[in-house]
Amino acid sequence: MFIVKQYNDDIEVFQNDILYLQVKRKFNFLGKLTSTFLIGNEVILESSYNIFFFRLYLSITKQNLSYKVALIKSSSKYYLTKEDHQLNLQRHYFKNPLYTIEDNNAIVAEVSTALHGFAEHPIIYNLTTFCEKELELLCLIRFLIELPPTMDV
């Protein structure tokens, strides 16, 4: 299980009370959000999140993983792909789990949160995976890459 803490902009992910992953996020003057994913001090991925005319645009701008991943858009959904894996994020409004992550239509992770209110900081999510260890990081990336800034939650 991973504990995801979303502060105003930045995100910290803990596993067994140890900081596992950080996401440093910043906006440019046009409102585009750039996220830098770090394990330790090493940048493993950089992505952008942009809403323009009520449409969401996601992209991976840089990656430093031991394998290649891509974001593919199909029928207004984004899939994070790696070889034969296609990870899709499904949002479930007003219930827990708040999100599920599917790999080729099979649920491999769930994201839940305490539904206390939107004014609490950090917002805390619990991500539980049901997949092999090598896909856990991809599940985290898939969830975090589309996690809106706290003002949009």
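Hydrophobic clustering of Ile, Leu, Val, Met, Phe, Trp and Tyr side chains at less than 4.5 Å, counting indirect connections, unites Tyr67 with Ile141. Taking hydrophobic clusters as Ile, Leu, Val, Met, Phe, Trp and Tyr residues chained together by side-chain heavy-atom distances below 4.5 Å, Ile101 shares a cluster with Leu65. Under a hydrophobic clustering in which Ile, Leu, Val, Met, Phe, Trp and Tyr are joined whenever their side-chain heavy atoms come within less than 4.5 Å, directly or via other members, Ile124 and Met1 fall into the same cluster.
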request  = Start with the C-alpha gap between Thr34 and Asn28, add the side-chain angles, then the distance that decides, and say whether side-chain contact (heavy atoms from CB on, under 4.5 Å) holds.
outcome  = CA-CA 8 Å; Thr34 300; Asn28 70 9; over 6 Å; no
message = side-chain contact (heavy atoms from CB on, under 4.5 Å), that's the test. Do Leu87 and Asn104 meet it? Break it down for me.
response = CA-CA 7 Å; Leu87 297 172; Asn104 299 320; over 6 Å; no
inquiry  = Go through it in stages, so that I can follow the logic: the residues are Ser48 and Ser59, the test is side chain to side chain donor-acceptor pair (under 3.5 Å), and I'd like the CA-CA distance, side-chain angles, deciding distance and then a yes or no.
reply    = CA-CA 5 Å; Ser48 69; Ser59 63; 2.7 Å; yes
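Side chain of Glu110 to main chain of Leu127: no donor-acceptor pair is present (N/O by atom type, distance under 3.5 Å, no hydrogens or angles). In terms of modelled atom types and a separation under 3.5 Å, the side chain of Asp10 and the main chain of Arg25 share a donor-acceptor contact. Of the possible polar contacts, none joining the Asp103 side chain to the Leu135 backbone as a donor-acceptor pair under 3.5 Å is found.
Looking only at side-chain heavy atoms (C-beta outward), Tyr93 and Leu98 stay at 4.5 Å or farther from each other. Looking at Leu147 and Tyr99, their side chains come closer than 4.5 Å, going by heavy atoms from C-beta outward. Looking at Leu19 and Gln22, their side chains come closer than 4.5 Å, going by heavy atoms from C-beta outward. Looking only at side-chain heavy atoms (C-beta outward), Tyr20 and Leu137 come within less than 4.5 Å of each other. Between Ile11 and Leu144 there is a side-chain heavy-atom pair separated by less than 4.5 Å. Residues Asn126 and Val111 are not in side-chain contact: their nearest non-hydrogen atoms beyond the backbone lie 4.5 Å or more apart. Within the 4.5 Å cutoff, side-chain heavy atoms of Ile145 are placed close to those of Ile60.
Taking Glu83 as the reference, nothing meets the side-chain hydrogen bond (donor to acceptor under 3.5 Å, both in side chains) condition, with sequence neighbours excluded.
Glu136 and Thr129 form a side-chain donor-acceptor contact under 3.5 Å, judged by distance and modelled atom types alone.
Ring pair Phe2/Tyr125: centre-to-centre distance not below 6.0 Å.
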Name the atoms and distances for all side-chain donor-acceptor pairs under 3.5 Å in residues 36-47, with sequence neighbours left out.
from  : atom 1 : to    : atom 2 : distance (Å)
Thr36 : OG1    : Glu46 : OE1    : 3.4
Glu42 : OE2    : Asn64 : ND2    : 3.2
Glu46 : OE2    : Thr61 : OG1    : 3.4

Using distance only, find each side-chain donor-acceptor pair of residues 72-82 under 3.5 Å and give its atom names and separation, not counting sequence neighbours.
from  : atom 1 : to    : atom 2 : distance (Å)
Tyr78 : OH     : Leu56 : O      : 3.2
Tyr78 : OH     : Leu58 : N      : 3.2
Thr81 : OG1    : Ala70 : O      : 3.3

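Gln90 contributes atom CD, which lies 8.5 Å from atom CD1 of Ile107 (distance to the nearest 0.5 angstrom). Between atom SG of residue Cys139 and atom CD of residue Glu134 there is a gap of 11.0 Å, rounded to the nearest 0.5 Å. Of the inter-residue distances, the one linking Tyr57 atom OH with Asn50 atom CG reads 8.5 Å to the nearest 0.5 angstrom. In this structure, CD in Glu12 is found 12.0 Å from CD in Gln6, a value given to the nearest 0.5 Å.
A pairwise comparison of heavy atoms in Gln63 and Val69 identifies NE2-O, 2.8 Å as the closest pair.
With a 6.0 Å cutoff to the six-membered ring centre and a 45° limit on the axis angle, Lys32 does not count as a cation-pi contact of Phe27.
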